[in-house]
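Reviewing the structure listed below.
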Amino acid sequence: MDVKMEDSWKDVLKEEFEKEYFIRLVEFIKKEYSSKPGSVFPEGQHIFRAFNSCPFNKVKVVILGQDPYPTKGHAHGLCFSVEETVNPLPRSLQNIFKELFSDVGKPMATSGSLIHWAEQGVLLLNSVLTVEGGMPESHAGKGWEQFTDAVIQKLSSQKEGLVYMLWGSKAQQKAQFVNPQVNKVLKSVHPSPLSAHRGFFGCRHFSQANTYLVHNGEAPVNW
């Protein structure tokens, strides 16, 4: 199957694209987009934006989200990120920026786009890559989880010295594929308004990530 994706990722994941579950997933997604025009997010060309923005050989940090924002105009293929024109910012993203300020002193951003993170080697990956508008987790259980499991397995088997930021119970399930002896695994509750106060605030993941990267000879991320 010909999947439109950045070449290095396409090569790493080529076996997944031929598997039965992925073929069924593609059929489901195509039907959703065609039968519900303008109501499935992100736009089709942005489904694999996390990969297209951060080639396999450039990955040094992995941030895992759940599924795309179900609000029209918000999701654009990078977990927790929104287009620069979105205002007000989603609450989870506001909480990420609050922790970023508390942790490393980064002033609160006026733009919610995290593309500059991706361009520095941060893979902004959701566990599920599509969603129907207004219906969180509506595309869960259709095959995306198996695909993103494979992504983490490929990273874990072929790269060491990565930082994995796993926010929320669903993201933390991916930890089973990561060797914590040769990578930095950071876990926290989800930054949503419902849970951020239970441990996301004060987790200091951003400074911990940069300390680890520098210790391993990598450039820190300019968050």
Side-chain angles (χ1 to χ4, degrees), residues 6 8-9 11-13 15-16 21 48 50-51 53-67 78-81 92-93 95-100 102-104 106 114 117-129 137 140-141 143-192 194-223:
E6 189 273 332
S8 64
W9 278 109
D11 183 60
V12 167
L13 296 168
E15 293 179 0
E16 290 303 305
Y21 86 88
F48 295 118
F51 304 96
S53 303
C54 184
F56 183 82
N57 63 330
K58 297 285 183 67
V59 178
K60 56 186 181 183
V61 178
V62 180
I63 298 180
L64 275 169
Q66 295 183 5
D67 61 347
L78 305 175
C79 75
F80 297 110
S81 180
S92 292
L93 184 55
N95 287 340
I96 289 171
F97 287 153
K98 287 177 183 177
E99 174 58 21
L100 194 55
S102 173
D103 186 11
V104 300
K106 183 82 172 184
L114 304 179
W117 292 7
E119 291 169 346
Q120 296 177 76
V122 181
L123 181 66
L124 295 164
L125 181 67
N126 277 312
S127 294
V128 174
L129 301 188
E137 300 190 80
W144 280 129
E145 295 93 340
Q146 187 172 345
F147 176 71
T148 51
D149 281 355
V151 171
I152 301 301
Q153 288 173 310
K154 292 293 187 182
L155 283 167
S156 186
S157 65
Q158 297 185 36
K159 295 175 73 74
E160 295 181 356
L162 303 188
V163 180
Y164 292 84
M165 295 184 181
L166 309 179
W167 299 339
S169 59
K170 292 193 175 180
Q172 290 174 25
Q173 291 172 8
K174 306 284 193 194
Q176 64 183 303
F177 305 119
V178 180
N179 182 355
Q181 302 300 317
V182 293
N183 298 281
K184 184 73 169 178
V185 179
L186 301 171
K187 298 180 181 179
S188 169
V189 297
H190 195 274
S192 78
L194 298 175
S195 57
H197 63 283
R198 298 204 306 266
F200 180 77
F201 291 138
C203 70
R204 301 185 66 84
H205 281 186
F206 302 101
S207 60
Q208 288 188 67
N210 276 350
T211 297
Y212 181 80
L213 290 172
V214 170
H215 180 75
N216 283 276
E218 291 281 355
V221 176
N222 180 12
W223 303 107

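These numbers were taken from a predicted model, which means no experiment stands behind them.
Proximity of a side-chain donor or acceptor of N183 to a complementary backbone N or O of E160 within less than 3.5 Å is not detected. A distance-only check finds no donor-acceptor pair linking the side chain of Q120 to the backbone of A219 [under 3.5 Å]. A donor-acceptor pair under 3.5 Å is formed between the side chain of S156 and the backbone N or O of F177. Using a distance-only test at 3.5 Å, with no hydrogens or angles considered, no donor-acceptor pair links the side chain of S81 to the main chain of L78. Between the S102 side chain and the K98 main chain, no donor and acceptor come within less than 3.5 Å of each other. Formation of a donor-acceptor pair under 3.5 Å by the N216 side chain with backbone atoms of E218 is not found in this model. T148 contributes a side-chain N or O that, together with a main-chain N or O of W144, makes up a donor-acceptor pair within less than 3.5 Å. The closest donor-acceptor contact from the side chain of S8 to the backbone of P55 lies at 3.5 Å or more, if one exists at all. With hydrogens and angles ignored, the 3.5 Å screen pairs a side-chain donor or acceptor of N95 with a backbone N or O of P191. A donor-acceptor pair under 3.5 Å is absent between the side-chain atoms of S53 and the main chain of A50, judged by distance alone.
Counting only heavy atoms from C-beta outward, the side chains of L213 and V221 approach each other to under 4.5 Å. Proximity of F200 to E99: side-chain heavy atoms (C-beta onward) are separated by under 4.5 Å at one or more points. By the 4.5 Å heavy-atom criterion applied to side chains, F56 and K159 are counted as neighbours. Within the 4.5 Å cutoff, side-chain heavy atoms of F51 are placed close to those of V151. No side-chain heavy atom of M165 sits less than 4.5 Å from a side-chain heavy atom of K184. Counting heavy atoms from C-beta outward, L13 and F48 have side chains that stay 4.5 Å or more apart. Looking at heavy atoms from C-beta onward, W167 lies out of side-chain contact with L64 at the 4.5 angstrom threshold. Taking the side chain as every heavy atom from C-beta outward, W117 and I63 approach each other to under 4.5 Å.
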Practice problem: Check the pair H190 / L166 against side chain to side chain contact (heavy atoms under 4.5 Å, CB included), numbers first and verdict last. | Solution: CA-CA 8 Å; H190 195 274; L166 309 179; over 6 Å; no
Exercise. Check step by step if side chain to side chain contact (heavy atoms under 4.5 Å, CB included) holds for S188 and H205.
Key: CA-CA 9 Å; S188 169; H205 281 186; 3.6 Å; yes
Practice problem: Test W223 against I96 for side chain to side chain contact (heavy atoms under 4.5 Å, CB included), laying out the working first. | Solution: CA-CA 11 Å; W223 303 107; I96 289 171; over 6 Å; no
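The two atoms that bring G65 and F80 nearest to each other are CA-CE1, 3.8 Å, heavy atoms only. Across V12 and Q158, no two heavy atoms sit closer than the pair CG1-NE2, 4.2 Å. In terms of heavy atoms, L162 sits closest to V59 at CD2-O, 3.2 Å.
For the atom pair CG of D67 and CG of L129, the computed distance is 9.5 Å after rounding to the nearest 0.5 Å. Interatomic distance, SG of C79 versus CG of L125, reported as 7.0 Å (0.5 Å rounding). Rounding to the nearest 0.5 Å gives a distance of 8.5 Å between CD of Q173 and CG of D149. To the nearest 0.5 Å, atoms OG (S127) and CD1 (I152) are separated by 8.0 Å. Atom-to-atom distance recorded for Q172:CD and L186:CG is 10.5 Å, nearest 0.5 angstrom. Note that SG of C203 and CG of D103 are 7.0 Å apart. Values are rounded to the nearest 0.5 Å.
The cationic atom of K187 (NZ for Lys, CZ for Arg) does not lie both less than 6.0 Å from the six-membered ring centre of Y164 and within 45° of the ring axis.
Annotation for E15: atom CD does not count as buried by contact number, only 12 or fewer foreign heavy atoms lying within 6.0 Å.
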